[in-house]
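Below you'll find the structure, written out as structure tokens, and then a few comments.
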Amino acid sequence: MDIIKKRRSVREYLDKPVEDEKIEQIVEAARLAPSSCNSQCWRFVVTKGDIKEQIIKKGLGGIVLANRWAKSAPAIIVACADLNFLTHKVGAGIKGIEYHLLDIGIAVEHLILRATELGLGTCWIGWFNEREVRKILKIPRSIKIVALITLGYPKGELELHEKQRLDLKKILFWNKYGNCEG
Ligand SMILES: Cc1cc2nc3c(=O)[nH]c(=O)nc-3n(C[C@H](O)[C@H](O)[C@H](O)COP(=O)(O)O)c2cc1C
């Protein structure tokens, strides 16, 4: 619970590289996540240096300029889903649930929490130019780019803090949907 409370979206980073061993440790946490039919459709591309700069310039340019703060992050992890799993296609068709997105969401949260535990900051970026990122990283069409995760040592401490969230009674119901107060 402490790690969950410490985690926040970090949008300002120190000018200090993240050790490859730490990146491996956080991706290891993602590797252990649950997934639909244990399909493990997640794939991660770690970008640093010049390639990362290209991602910032082209992948976060244009209409997604709001995410240019990512420039200070020493690394960006590109989280992708392999779309080649029959189980996901059947699931989406029958249930209308995009299981591959759930799998990536859980894996990325594992990764983010492990990063927090190691004193690293992250921020999920959902707004990016997929076409440009695909081009820069040579990602094939059968792979969906789901998120960009900035990674680095945060400017300022990661501390336990109150989060702006809905009250528990607004989201937790017992025995029927909706609360008694109506
Ligand atoms: C799916 C998803 C997409 C997000 N996209 C962006 C984004 O494009 N840019 C950004 O600055 N933050 C983005 N965020 C971060 C949210 O704004 C942030 O998690 C939320 O405001 C709660 O703040 P906290 O993470 O500090 O607790 C995204 C988060 C999620 C889960």
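Whatever order the structure lists ligands and atoms in, that order sets their numbers, starting from 1. Hydrogens, waters and symmetry mates are skipped; everything else that's a heavy atom, side chains included, is used.
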What is the nearest protein non-hydrogen atom to [atom], stated with its residue, atom name and distance?
{"atom": "atom 29 (C) of ligand 1", "answer": "Trp124 CB, 3.8 Å"}
{"atom": "atom 17 (O) of ligand 1", "answer": "Arg11 NH2, 3.4 Å"}
{"atom": "atom 20 (C) of ligand 1", "answer": "Ser9 OG, 4.7 Å"}
{"atom": "atom 9 (N) of ligand 1", "answer": "Asn67 OD1, 2.8 Å"}

Can you confirm whether more than 12 heavy atoms, excluding those of [X], are under 6.0 Å from its [atom1] atom?
{"X": "Lys170", "atom1": "NZ", "value": "no"}
{"X": "Lys5", "atom1": "NZ", "value": "no"}
{"X": "Lys6", "atom1": "NZ", "value": "no"}

With atoms numbered from 1 as shown, which atoms in ligand 1 lie under 4.0 angstrom from a non-hydrogen atom of [X]?
{"X": "Arg8", "answer": "26 (O)"}
{"X": "Lys163", "answer": "27 (O)"}
{"X": "Cys123", "answer": "12 (N)"}

In terms of hydrophobic clustering (I, L, V, M, F, W, Y; side-chain heavy atoms under 4.5 Å; direct or indirect links), are Ile76 and Ile23 co-clustered? no
Glu109 near ligand 1 by a heavy-atom separation under 4.0 Å: no
Assess Trp69 for proximity to ligand 1: is some non-hydrogen atom of it under 4.0 Å away? yes
Which of Glu130, His100, Glu98 passes side-chain hydrogen bond (donor to acceptor under 3.5 Å, both in side chains) with Lys144? It is Glu130
Is the backbone of Ala115 close enough, under 3.5 Å, to the side chain of Arg7 for a donor and an acceptor to pair up by distance? no
Any nitrogen or oxygen of Gly126, main chain or side chain, under 3.5 Å from a nitrogen or oxygen of ligand 1? yes
Is the contact between Ala66 and ligand 1 made by the side chain, the backbone, both, or neither, using heavy atoms and a 4.0 Å cut-off? neither
Is the shortest side-chain heavy-atom distance between Leu120 and Gln25 below 4.5 Å? no
Of Arg165, Arg7, Lys5, which has the heavy atom at the shortest distance from atom 22 (C) of ligand 1? Arg165
For the CD1 atom of Ile55 and the OG1 atom of Thr47, what is their distance to the nearest 0.5 Å? 5.0 Å
Protein heavy atoms near atom 6 (C) of ligand 1, is at least one of them under 4.0 angstrom away? yes
Atom 25 (O) of ligand 1 protein-contacted (non-hydrogen atom, under 4.0 angstrom): yes
Specify the closest pair of heavy atoms between Ala30 and Ala107, including all atoms of both residues, with the distance to one decimal. CB-O, 3.4 Å
